[in-house]
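Data block below; observations after.
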Amino acid sequence: MKRYNPTEIEQKWQEKWEQDGTYALDLSDHSKSKYFGFSMLPGITGAGIHIGHGRTYQFSDIKVRAKRQQGYAAYHPIGWDSFGLPVENYAIKVGKKPRDAHDDAKVNFKKQLKRLGFSYDWSKEVSTADPEYYKWTQWIFNKLYEHDLAYQKESPQWWCETDQTVLANEQVEGGKCWRCGNQVVKKNLKQWFFRITAYADEILEATDDLNWTDSVKVMQKNWIGKSVGAEVDFKVDGRDATITVFTTRPDTLFGATVMVLAPEHPMVKTLATADTETAVKAYITESARKSEIERMNETREKTGVFTGSYAINPVNGERIPIWLADYVLAGYGTGAIMAVPAHDERDFAFAEKFKISVKDVVAQDFGDELPDPKEVEGVVVIGYDPNTKKFMGLKNGHNNRGWLVAGGREEGETFEHAAYRELREEAGFAQVEAMIPLGAPVYSYYFNSNKQSNRRSKGYNFLAIINASDQGETDLEAHEDFEVYWDTVEGLRERTNPDGGADHWMEGIERARHAAKAYDKGERYQAPLYHGEGILINSGTFDGMRTEEAREEIVAWLEQQGVGRSKVTYKMRDWLISRQRYWGAPIPIVHCEKDGAVPVPDDQLPVVLPDVDDFKPRGGATSVLAEVEDWVNTACPTCGGPAKRETDTMDGYACSSWYFLRYIDPFNTKQAWNPEVESHWSPVDFYNGADHAVAHLLYSRFWQRFFYKLGLVSHPEPFKRMMYNAYVLASDGQKMSKSKGNVVDPMEIMESGYGADSLRVYEMFAAPYEQEIIWDPNGVPGTYRFLNRVWNLTQEYLEAESVELDEKVATNILKIAHKTVKKVTDDIENDKFNTAVSTMMEAVNSYYKLKESGIGTSDAWTFAIESLLKVLAPFAPHITEELWSQLGHDTTIHVDGWPKWDDAYLQTDELIVIVQVNGKLRAKLTVPADSTEGDVKVRALSNEAVQKFVSGEPKKIIYVPGRLVNIVI
RNA sequence: GCGCGGGUGGUGGAAUCGGUAGACACGAGGGACUUAAAAUCCCUUGGCCUUAACAGCCGUGCGGGUUCAAGUCCCGCCCCGCGCACCA
């Protein structure tokens, strides 16, 4: 019997596939249905790929291989993300020119990718640093410029001192550079931008419908950060000046008790008075000195300074102080806010620190069904007994508002704290002091924080709950003002409101437990601020209105008065694309003395990146291209006069934002791509990667939409399915890195005798795609064992002559085979690669048992083995190809079809029915598939094991056809 | 802090609709084969009680709830990972 030798067969077949062009595709042949799938292209940042990259590339390989076998024209292209910071930094590290460093490293990358057996069409490689490619990147720049989506502007931007360049917002991660991990600083520089914000709303709206991994969709939505709100103009008291603020909560306008400006706000200097001038200046200087990072990393302790000026709230004419504080950001909204401490946590913290008044304007709404307290005899205090699971209510008969409610909070006091104070000081509940631990009876009451207001009856705005001691219970029951009753959740619900009333009580109980803890320690419990929807109070004519409605009504009023307007803002900023680095596509602009910035005409593209010996950044605000005088000095394309080329290069992400379109038409010298070819191959059916959730994937969507508007592409979204997979971590649970010395090299694993197939199968089997794999050194040996079993099974089948199988055995073999084909097919379709592998393992285990009854040429075994090899082929392409050829086929398994399952074999004529007594498993019955409900019940009741638990007549018998019987006694 | 995931044996992980919890694999233990080892094949493997088997009880982070039945649904809490991070 031949032994499984991965090293030998893998090399053999890889050479054969390359010779035969097995995976090469004629893109102009549109006779078959297409499937276009690939992974994010590799960036050259080191000498080769690590095991995590390998996993990423396998997902698209399996998807495309399966489709290829299923008869699709399946295109699996490969290319290189060659331009940009990562490659240039790698070049500096290895002491070569970027192009040489890249090309040298690429040799090894290719070798590794080929060794792993990916089914790429190597004849259509794309490299983003080739002039034939970046010519079209520059052409796209011109198109964007033409449509006013590329522009130059001076503004403060992130600058990385280590990498000597500016970065886009998307490339700053937690205040650090995405490449080197060092902190970045803000610098005021003139830079090129792409106006991605023009597409913000469009991209955002389309996001929900994408068949993408949810986490990426969420991240993109958060990144775009749409806020719907309003701008409100406040007049400065005693002066002819106006300050505009942005707010998402115009409904809380009556609650604004202070206005806060960012220290960078242009108005600040004019607002200081003689008294405050020194302090204001000092604060501005101090803020400017602190970098934004420092501000970010500091504790959230609020700082600020009073300007001495006041603003007039347009809605009620109230005079509110104007402060400066660095918690207000200059770059968002208008750089000024109206602070509403009662309903915003940050404003509350600010108000608390600087003793600014708090004004409630929204009352929590406990539902429409909550009765008027005047009509309620008062559920004013209730308790909860976890033993009886009953709530204890106390009716008080002498006050229609609930006599415990003495009034609202004192200034700066929290609701809970006020409740304690009232209970103790005004209601005289001495036992409240005696707090008891979790799970004990809990007493509570509603109270209204604003007794003066002409609130609507449902304007309760807090539910406070107080823990009391065991002792307290008796005291309460003895209290003469109360009548005590006990009730269940259902009863409680009816007393409060029909839907969800009890949920509020539960929430209150939890709060009370925290409050009790704090109270014991002598601290004040800080309840979560109420920033939900509710009913307006203290808001003049808007009182009693729901917040949702009030938002619109108040904005309408502001618009009518000409002092406000509705407004939408986004967190996302325009995409900064200029880099002060050498290794990128030159921005195709010349600066003419007469005409200013002029784009290089399309027919003069590409603007070729000149060869420079010393390409390392010099620092400062320009790239080294500024030193290449005969390149920089040129003639203006419009007037012919002297002009200088733009010396910044484009962000590497620009080059990778459209390569999927180039894949479709990689050799086109007349166009970036031919729209006709594009309409056949687009969109990308399957795309995956483990990085760039916002940057690359957002930029690509932006460009695609731009192209779609121009009629250059046939779909508004580039990627039909985007699978965001996880990496492989080292055995110590940490990221693999050379410095930690925990890197697993795929080549080593393969060369040590296990081969590519075992590695591939392991990486699919170990975990679902969205979950990280912690590298297990015993994993690959495990899947190697599995492949060995497949090999040996096939050898036994081959060596035996024909075999006469018992009919039952043959049927069993076929049942497993058909079931396996169906499950693996479905799993691949649904990206559940780990269970696809385990299904095949189960099949092989079953075949090992069945082969005891004879194995050899027979319809059943032939189908079982051939179908197994075919569904295993996308995972383990080499061993399956070898065995396929040993079976006597002279075609490659990889284009030779996909097995079909027959539903007839998925039926069973016997069913296993579970018998439960009161939901507990007591017996399993094997019954004929056509048994009636009556048959099954009779058998279940007469079962010996069941009878032990059933005496007398069962209350009820639940029957789930073909699954279970549950006898309720 | 907010948003999104998640918490299941010694380990990685299974479990369409609520319906046999722990598939598959690793590790461990035992056996067969072998002079021996490796490889291969077979068996056992959540916990507790029990000499053992049968049977039983407990068991999917914690506390409640809904249900004939909960890993799965609802409420609350705790913990972990990721993302955003003073975005009004």
Side-chain angles (χ1 to χ4, degrees), chain A residues 3 173-175 214-219 221-223 225 227 229 245-249 252 260 295-298 300 302 325-329 331-334 336-340 343-347 349-350 384 386 389 438-439 489 500 502-511 513-514 528 569-572 693-694 726 762 765-768 770-774 776-779 781-783 785-786 788-789 792 826 830 832 834-835 837-842 845 848-849 912-921 923-924 945 948 954-958 960 963-969:
Chain A
R3 293 193 62 174
E173 295 164 355
D214 283 335
S215 61
V216 177
K217 288 165 52 169
V218 171
M219 275 190 252
K221 282 200 267 185
N222 290 344
W223 187 260
S227 295
V245 304
F246 172 74
T247 178
T248 55
R249 292 294 302 271
T252 64
V260 189
R295 281 203 218 166
M296 236 186 245
N297 290 347
E298 270 174 10
R300 297 268 160 132
K302 296 279 183 288
D326 64 9
Y327 84 93
V328 175
L329 304 176
Y332 183 77
T334 60
I337 63 158
M338 58 174 213
V340 183
H343 306 291
D344 181 279
E345 273 172 67
R346 296 149 303 176
D347 295 346
F350 185 74
Y384 175 69
K389 292 177 186 171
L438 284 173
V489 174
D503 298 340
H504 289 297
W505 289 109
M506 294 307 294
E507 183 190 328
I509 287 168
E510 291 304 330
R511 283 193 191 184
R513 288 172 178 173
H514 287 293
T569 51
Y570 299 91
K571 281 194 226 175
M572 184 170 69
V694 285
Y762 169 67
F765 176 62
E770 70 275 22
Q771 203 166 309
E772 277 160 341
I773 294 177
I774 294 178
D776 177 2
N778 290 313
T783 48
R785 225 166 286 163
F786 161 63
N788 242 310
R789 282 161 72 81
N792 292 336
D826 290 350
N830 298 318
K832 294 172 80 174
N834 57 329
T835 51
V837 173
S838 70
T839 301
M840 293 185 280
M841 286 174 167
E842 277 180 79
N845 290 348
Y848 263 64
K849 294 211 168 69
I912 294 173
V913 173
I914 309 307
V915 185
Q916 297 177 327
V917 178
N918 282 351
K920 272 186 196 278
L921 174 74
K924 294 178 196 179
K948 273 200 271 181
K955 272 193 205 138
K956 192 170 6 168
I957 300 177
I958 308 282
V960 182
R963 298 206 76 142
L964 70 84
V965 176
N966 189 10
I967 300 160
V968 186
I969 52 168

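A, B, ... follow the sequence lines: proteins, then strands. Residue 1 opens every chain.
Nucleotides B:G30 and B:A69 are separated by 39 Å at their C1' atoms, to the nearest Å. Rounded to the nearest Å, the gap between the C1' atom of B:C74 and that of B:U67 is 12 Å. Distance noted for atom P between B:A70 and B:G63: 15 Å (whole Å). Spacing between B:U60 and B:G6 at atom C1', rounded to whole Å, works out to 13 Å. Comparing B:A25 with B:C82, their P atoms are spaced 32 Å from each other, to the whole Å. Look at the C1' atom in both B:C62 and B:G71: the space between them is 15 Å, to the nearest Å.
Heavy atoms of A:Pro768 sit under 4.0 angstrom from primed sugar atoms or phosphate atoms, though from no base atom. A:Asp347 comes within contact range of no nucleotide atom at all, as no heavy-atom separation falls under 4.0 Å.
Pairing for B:G19 is with B:C68, a Watson-Crick or G-U wobble pair whose two hydrogen-bonding atom distances lie under 3.5 Å. Under the Watson-Crick or G-U wobble criterion, with both distances below 3.5 Å, B:G46 is paired with B:C58. With a cut-off of 3.5 Å on both Watson-Crick or G-U wobble distances, the partner of B:C2 is given as B:G83. Summarising the base pairing, B:U11 is matched to B:A25 through a Watson-Crick or G-U wobble pair whose two defining distances lie under 3.5 Å. Taking a pair to require two hydrogen-bonding distances under 3.5 Å in either a Watson-Crick or a G-U wobble arrangement, B:A39 remains unpaired.
Looking only at atom types and distance, the side chain of A:Asp347 has a donor-acceptor partner in the side chain of A:Tyr327 under 3.5 Å away.
To the nearest 0.5 angstrom, A:Phe765 atom CZ is 10.0 Å from A:Thr835 atom OG1.
Closest to the side chain of A:Arg785, out of B:C68, B:U40, B:G3, is B:U40. Counting only heavy atoms from C-beta on, A:Leu329 has its side chain closest to B:A88 among B:C68, B:A23, B:A88. Listed nucleotides: B:A15, B:C24, B:A39. Nearest to the side chain of A:Met841: B:C24. Distances from the side chain of A:Gln771 to the nucleotides B:G3, B:G13, B:C86 place B:G13 closest. Of the candidate nucleotides B:A88, B:A14, B:A23, B:A88 has the atom nearest to the side chain of A:Thr247.
Close to B:C42, at under 4.0 Å from its OP1 or OP2, lies a side-chain N or O of A:Arg789. The phosphate of B:A88 has OP1 or OP2 within less than 4.0 Å of a side-chain N or O from A:Tyr332.
The base of B:G19 lies close enough to the side chain of A:Gln916 for a donor and an acceptor atom to sit less than 3.5 Å apart. Interface remark: the A:Lys955 side chain does not form any donor-acceptor pair with the B:C68 base, using a distance-only criterion of under 3.5 Å.
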Would you tabulate the nitrogen or oxygen pairs shorter than 3.5 Å linking the protein to nucleotides 55-60 of chain B?
residue : atom : partner  : partner atom : Å
B:C57   : OP1  : A:Arg922 : NH2          : 3.2
B:C57   : OP2  : A:Arg922 : NH1          : 3.1
B:C58   : OP2  : A:Lys920 : NZ           : 3.0

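Here the side chains of A:Ile337 and A:Tyr332 are not in contact, with every heavy-atom distance at 4.5 Å or above. Within the 4.5 Å cutoff, the side chain of A:Thr252 has heavy atoms near those of the A:Met338 side chain. Side-chain contact between A:Asn845 and A:Arg789: present, with at least one pair of heavy atoms (C-beta onward) separated by less than 4.5 Å.
A:Val915 pairs in a side chain to side chain contact (heavy atoms under 4.5 Å, CB included) with only one of the listed residues (A:Leu964, A:Leu921, A:Ile967, A:Asn966), which is A:Ile967.
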